[in-house]
Amino acid sequence: MADVCNRSNRFLRALRRQPVDATPVWIMRQAGRYLPEYRATRERAGSFLALAQTPELACEVTLQPVERFELDAAILFSDILTVPDAMGLGLHFVEGEGPKFRRPIRSAADVTKLGVPDPESSLRYVMDAVRLIRHELRGRVPLIGFAGSPWTLACYMIEGEGSRDFARVKAFALNEPAAMHKLLDTNARAVAAYLAAQAAAGAQALMVFDSWGGMLAPAMFEEFSARYLARIAASLREDMHARDVPLIVFSKGANASLETLADTGCEALGVDWTITLDTARRRVGDRVTLQGNLDPATLLASPKVIRREVQRVLDDFGPHPGHVFNLGHGITPDVDPEHVAVLVDAVHGV
């Protein structure tokens with residue numbers, strides 16, 4: 001039988017740098033507050049955590065953008081902080097302020113108390129969601145599982161919440177490097193186990209969000225972020241369920257370290273909008289697929305401008321294999337869903 005490329009497999013083919021009939025597209029945070037159906041489900045759930053921790057509701061919101069738009073992949077609805085929450089740090093969300101931990105890491109002694117959670121026990125709700133989503137997708141599009149990077153998780157675990165400059169975590173890394181590496185090693189083992197479990201449950205691609213890697217100087221980035229991204233990739237390659245599952249790494253703001261990121265062992269590299277895809281491709285060669293990289297603010301423009309900017313990104317990458325279209329970061333809550341439809345159609349050449 002001929003090797004047919006269509007919506008059900010073009011995303012996975014692009015991750016493996018194989019020919020596709022159209023550039024695949026999905027959008028970071030595609031299940032989110034810009035969708036009225038998401039807001040209705042979130043209201044029913046009562047809280048973000050209840051939504052994320054109820055497999056049926058997580059499945060419902062994961063499918064919403066796939067049912068509304070001709071997207072080429074679904075991504076698990078969850079949160080990057082599920083892993084440190086399972087470690088006992090007490091995740092909670094404060095309206096208008098975001099995620100916080102009741103028991104943040106404040107010393108080297110706190111690090112020694114952490115262990116790697118069992119994904120099928122303390123994170124069973126995530127695995128149940130993955131299994132349910134795969135069943136409900138019925139092969140329409142692949143499912144992406146994900147986790148936060150060891151460094152990004154450490155940022156929240158030490159700060160206890162989000163931060164403008166993450167000064168506390170940087171000071172911890174500089175003053176307590178042995179403790180920081182112990183924390184990052186624990187996080188890396190936990191993330192690898194978590195991603196492998198998602199693959200076993202049915203995730204067909206995996207992604208690591210290194211949201212705060214770009215705030216590190218290049219030397220610190222290699223020591224405290226890239227080293228552990230490579231460990232995760234190596235661990236997944238040794239896992240019977242995950243070894244053939246493509247891995248995407250996205251480190252926002254880390255354009256100075258693209259070559260290092262391409263050498264971590266991932267199949268695809270997410271790129272933010274502050275570098276051209278042509279430049280990124282020339283720097284990393286054909287080692288990895290590139291994912292990205294439209295500025296999310298473009299979706300606030302008119303349909304005509306959206307189509308123009310989509311074409312600019314496609315032209316920038318050029319007629320080469322290995323491109324997954326995405327935004328350079330997550331979609332914002334104030335976007336008109338109709339503008340997302342315009343973007344998706346423009347990528348597919350409709």
Side-chain angles (χ1 to χ4, degrees), residues 79-94 97-117 122-123 146-195 208-235 249-266 269-270 272 274 329:
D79 192 87
I80 64 170
L81 299 181
T82 53
V83 170
D85 183 44
M87 291 177 174
L89 271 62
L91 176 65
H92 64 291
F93 286 79
V94 177
E97 297 183 32
K100 295 179 181 287
F101 284 117
R102 293 186 176 88
R103 294 172 290 279
I105 301 298
R106 288 289 183 258
S107 68
D110 290 337
V111 174
T112 64
K113 300 173 185 175
L114 299 174
V116 174
S122 54
L123 290 163
F146 73 91
S149 74
W151 170 256
T152 293
L153 297 185
C155 286
Y156 288 101
M157 294 164 78
I158 292 172
E159 297 283 346
E161 58 187 341
S163 170
R164 275 189 190 173
D165 54 16
F166 290 97
R168 186 190 293 269
V169 69
K170 285 186 179 181
F172 194 94
L174 292 167
N175 293 324
E176 300 278 359
M180 176 57 85
H181 282 297
K182 183 175 179 60
L183 173 58
L184 293 170
D185 176 71
T186 300
N187 285 353
R189 289 185 288 116
V191 168
Y194 183 51
L195 290 174
V208 177
F209 287 91
D210 188 33
S211 304
W212 301 116
M215 56 89 149
L216 290 169
M220 288 188 72
F221 179 80
E222 294 204 20
E223 180 177 359
F224 295 112
S225 184
R227 175 191 300 188
Y228 294 95
L229 294 171
R231 286 192 189 178
I232 290 168
S235 179
V249 169
F250 175 59
S251 190
K252 183 177 180 291
N255 293 331
S257 301
L258 286 182
E259 294 87 350
T260 298
L261 286 163
D263 287 336
T264 57
C266 62
L269 193 59
D272 68 28
T274 61
H329 198 226

Pairing residues for F146 by the ring pair (Phe, Tyr, Trp, His ring centres under 6.0 Å) criterion, not counting sequence neighbours = F209
If you measure from the Lys or Arg side-chain nitrogens to the Asp or Glu carboxylate oxygens, is any gap between K170 and D165 under 4.0 Å?
-> no
Considering residues at least two apart in sequence or located in another chain, which fulfil the side chain to side chain donor-acceptor pair (under 3.5 Å) criterion with T152?
-> S149, D210
Salt bridge (charged side-chain N to carboxylate O under 4.0 Å, His left out) involving E176 - partner list, sequence neighbours excluded = none
Taking only residues two or more places apart in sequence or in another chain, which ones pass ring pair (Phe, Tyr, Trp, His ring centres under 6.0 Å) with H92?
-> none
Residues 79-89 vs salt bridge (charged side-chain N to carboxylate O under 4.0 Å, His left out), sequence neighbours excluded, gives none
Residues forming a side chain to side chain contact (heavy atoms under 4.5 Å, CB included) with A188, sequence neighbours excluded | P150, Y228, I232
For E223, the side chain to side chain contact (heavy atoms under 4.5 Å, CB included) test, sequence neighbours excluded, returns H181, R227
Between CE on residue M215 and OG on residue S251, distance to nearest 0.5 Å | 10.5 Å
For R106, the side chain to side chain contact (heavy atoms under 4.5 Å, CB included) test, sequence neighbours excluded, returns P104, D110, R168
Applying salt bridge (charged side-chain N to carboxylate O under 4.0 Å, His left out) to D263 and not counting sequence neighbours gives R287
Scan F224, F221, F166 and name whichever one has a side-chain contact (heavy atoms from CB on, under 4.5 Å) with W151.
-> F224
Partner set under salt bridge (charged side-chain N to carboxylate O under 4.0 Å, His left out) for E222, not counting sequence neighbours | none
For K100, salt bridge (charged side-chain N to carboxylate O under 4.0 Å, His left out) partners two or more places apart | E97, E161
Side chain to side chain contact (heavy atoms under 4.5 Å, CB included) involving A233 - partner list, sequence neighbours excluded | L247
